[in-house]
Every structure is written in C-alpha cells, then in structure tokens.
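A short worksheet on the structure shown next.
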Amino acid sequence: MRDIEFHNREKEIKEIGAIQDSRPTLITFIYGPINSGKTELINHVIEELPDDYVVFYINLRTKFLASYDDFIESLFEMEMESERALKKGKETLAELVSSVTKVAGIPINKEFLDYVFKDNKPKNAFSYIIKLFEEVKNSGKQPVLILDELQKIGDVNVNGSLIYELFNFFIDLTKEKHLAHVFVATSDSLFIEEVHSEAMLEGRCRYLLVDDFDRETTTAFLKKHGFTDNENVIAWEYCGGKPVCLVELVNAKINGKDVESEAKKLLKIRTSQILSIFDEISLGKVEYSEQDIIGEFKSFEQEELLQYGRINKEKIFLVGRNVFFIDPTQRTIKPQSRLNLLAIREVLRN
Ligand SMILES: Nc1ncnc2c1ncn2[C@@H]1O[C@H](COP(=O)(O)OP(=O)(O)OP(=O)(O)O)[C@@H](O)[C@H]1O
Ligand SMILES: [Mg+2]
C-alpha cells in the first residue's frame, strides 16, 4: 500500500507556530470531531519543529489508566532494565535532558522514579517534571508538553480528581512559570464541554479547532491522488472533508476499485451502526426512547449544523456514541461527519 503523505493544514500550523513563538501563558486545547486529523497534525508539527524546542509527547490512547501508578507509568519513559543497570541511576537531570529533542514520554531514571512513586502524590511527579523542564530551559531550549487523548484520565482519583491536579499543574507551567508550552488534545467533545465550563480554567486556556478539511483542501487532496472531477464530487458527497474517509477512498482507487461503490459501502456500514442504537432501545439496553432519538435526528433532516440552546440527555448520549459532535465554544452541534449526516437521513427514511 502506498503511504499517503501529510496534506495541508496551513492555517492550523500557522496558529500553533504563533503560539510556540511566544512566551507560554495559556494552555492550548486542541479539539475537533473524531478522526479529523488532530494526532496527525500534532505529529507533523513535532517533526517540523526546530531543534531549539524539546517536545515531550504523550498519547494516552493506548494506555491502561485505572490508577495513579498507571498514570505515572504512562507519563514517564522508563529505561530498559539493562540500561538502568548500566547507569545505576547516577545520571543527573542535565544529563537526562542533554540528548533529547523529541520524546514519547518524560525521561526519568531509577533514582527519580522512586521519588515520583513514593507517596502516591502527583505533586512529586509534577515537581520532578518542573525540575527537568528547568534543565531544558537552562540548556537554551524551550520545553513543549503535549498530551493526546487526555480525557482518558477522567476516572483516575488521587484523593480527589487527578484531572484537577493536572490542570493546576498546566496552569503553573504556563501562566505562572512561563516554563513550557502545554497542548492538550482530545476527540471527546463531552470532555471539552466540561473543560469549557470549568471555572478554574477560565482565562487560562485557549481552544484550537481541528475540523475536517474544507471543500478546497479536500479537492486539492483528491486531485493529488488522481481523482477525476466526478470522483471528487462523489467523495465530497459521501465523506465531506473527513481525512480518514478520504484516505479510504484513495486507497480503494489505488487498488482499482470503484470510488462510488466504496463510498456507498461506507455509508451502509455507518447506517447499520446507527440503526443498531434502535436495536439496543428495543432490547432495553438504552434508556432513551426511539421517538426522542428520532426527534434529535429530525433536526438534521435539512440542516447540517445547528446552534443549540440547552443541551439535553439525548444529545449527550448521541455525542457519546460518536454520532453528534458539539463545539461548546460556539454552542454548535453537527453530525461527527458527512457520512454520519447521510446515515442519519437514511435512518429517517427507513
Ligand atoms: N493532514 C492530513 N493529511 C493526510 N492524511 C491525514 C491528515 N490528517 C489525517 N489524516 C488521515 O486520517 C487518519 C486519522 O487522523 P488522526 O488519527 O490524526 O485523527 P484524530 O483527529 O487524531 O482522531 P481521533 O479523534 O481518533 O483522535 C490518519 O491516520 C491519516 O490517515
Ligand atoms: Mg487522535
């Protein structure tokens, strides 16, 4: 299979660049519908960053987070036992940071690890990270901390909610100490909704939406992959600008398949998945009534994007099922993708 190279995102890259060029003052929340390309964008930005930035990127997606220890393990990059034995934990912090530029985890050695795990308090982990970042600064470089899929931390408790401890830590790193840039990404719009209404974050963070490609970007992307005008229209009709969906169609075309039948297949699958919500209702697995869910769907019979006044339980449920996406900063609601919009309309026709 051919590798599909990173496409565009000029506006977002410029915005992130401007943030990185200035003194750290606010936490940046990167949000957007599922599969809109947030992680891809972050990885691209990291790759392109000059060497005077030291990036600590942690993706919590694949991490199992049931306890504080799990959380600590997910943050830190443990050395292999053999390396550790060699160094016998004698490295200084300056030595630990001297060689890093882009790492998937905070470097730590045995000696500090004991301190960080000592009494199950995030305070120790945070003060270690601050010391490490200060070392990075002392070496003339700018630390950047990026946490992807942060909502996964939601349920972890450490005498209170870990997420609050983390937010305080991020505020300390940015607004208070101006020590590191902090980017937090999430595909969970319910999490962003909570963040958005959280008093402690008011005036201390900014929001950066990474939405699906717009029409122009989509056309350019598909043209690059040899789509005809007609295939381009079909792709936009079914996938809108959802990168993952467009990549699927590009791969189908590369493999000699018909773009329209592939797009129809994708719609069929999504429609069936949405219909399964009604199966669950019939089986009593879901507490909402068919009527209420259909009522929510009906608002998208003609519209693609709506302003919401009050959010209700049904909307929250459908956001949780990745059918709807809410943008609490604009108080707008829309299907997670063009495919979801079409599937909703199919369901209404059934
Ligand atoms: N700018 C881009 N250029 C080319 N392909 C892209 C781009 N952005 C996203 N993609 C494709 O879409 C897929 C999904 O993107 P990605 O995982 O970054 O989305 P996400 O918003 O992080 O998803 P999630 O909501 O699950 O966190 C990628 O694996 C890649 O194939
Ligand atoms: Mg992602």
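No experiment lies behind these values; they were computed from the predicted model shown. Every number for a ligand or one of its atoms is a count from 1 in the order of the listing. One is the number of the first residue; the rest follow in order along the sequence.
- Ring pair Tyr31/Phe191: centre-to-centre distance not below 6.0 Å.
- Residue contacts with ligand 1 do not include His44, since none of its heavy atoms lies under 4.0 Å from the ligand.
- Backbone and side-chain nitrogen or oxygen atoms of Val247 are examined, and none is located within less than 3.5 angstrom of a nitrogen or oxygen of ligand 1.
- What sits closest to atom 20 (P) of ligand 1 on the protein, heavy atoms only, is Lys38 N, 3.5 Å.
- Protein heavy atom closest to atom 16 (P) of ligand 1, with residue, atom name and distance, is Gly37 CA, 3.7 Å.
- Close approach to His7 involves these atoms of ligand 1, each under 4.0 Å from a residue heavy atom: 1 (N), 2 (C), 3 (N), 4 (C).
- The proximity of Arg61 to ligand 1, defined as any non-hydrogen pair under 4.0 Å, is limited to the side chain.
- Under the 4.0 angstrom criterion for non-hydrogen atoms, Ser36 is in contact with ligand 1.
- The shortest distance between side-chain heavy atoms of Tyr128 and Ile106 falls below 4.5 Å.
- Here the heavy atom of the protein found nearest to atom 10 (N) of ligand 1 is Pro243 CB, 3.5 Å.
- Interface atoms of ligand 1 facing Ile34, defined by a heavy-atom separation under 4.0 Å, are 25 (O).
- Within the listing of ligand 1, atoms 3 (N), 4 (C) sit less than 4.0 angstrom from a heavy atom of Glu5.
- Close approach of ligand 1 to Phe213 (heavy-atom distance below 4.0 Å) involves ligand atoms 1 (N), 2 (C).
- A cation-pi arrangement is present between Lys253 and Phe227, with the terminal nitrogen or guanidinium carbon under 6.0 Å from the aromatic centre and inside a 45° cone about the axis.
- Summary of contacts: the protein heavy atom closest to atom 17 (O) of ligand 1 is Thr39 CB, 4.1 Å.
- Counting heavy atoms under 4.0 Å from ligand 1, residue Phe325 does not touch it at all.
- Atom CG of Leu249 and atom NZ of Lys265 lie 11.0 Å apart (nearest 0.5 Å).
- Of all atoms in ligand 1, numbered sequentially from 1 with element shown, those under 4.0 Å from a heavy atom of Glu149 are 27 (O).
- Not one N or O of Arg9 is nearer than 3.5 Å to an N or O of ligand 1, by distance alone.
- Among the atoms of Thr39, an N, O or S atom is found under 2.8 Å from the Mg ion (ligand 2).
- Counting all heavy atoms, side chain and backbone alike, Cys239 lies closest to Arg338 at C-CB, 3.6 Å.
- In this structure, atom 23 (O) of ligand 1 lies nearest to the protein heavy atom Asn35 N, 3.2 Å.
- Among all protein heavy atoms, the one lying closest to atom 18 (O) of ligand 1 is Glu40 N, 2.7 Å.
- Listed by number with element, the atoms of ligand 1 under 4.0 Å from a non-hydrogen atom of Val244 are 12 (O), 13 (C).
- Residues Asn251 and Ile254 form a side-chain contact, since some pair of their non-hydrogen atoms from C-beta on lies under 4.5 Å apart.
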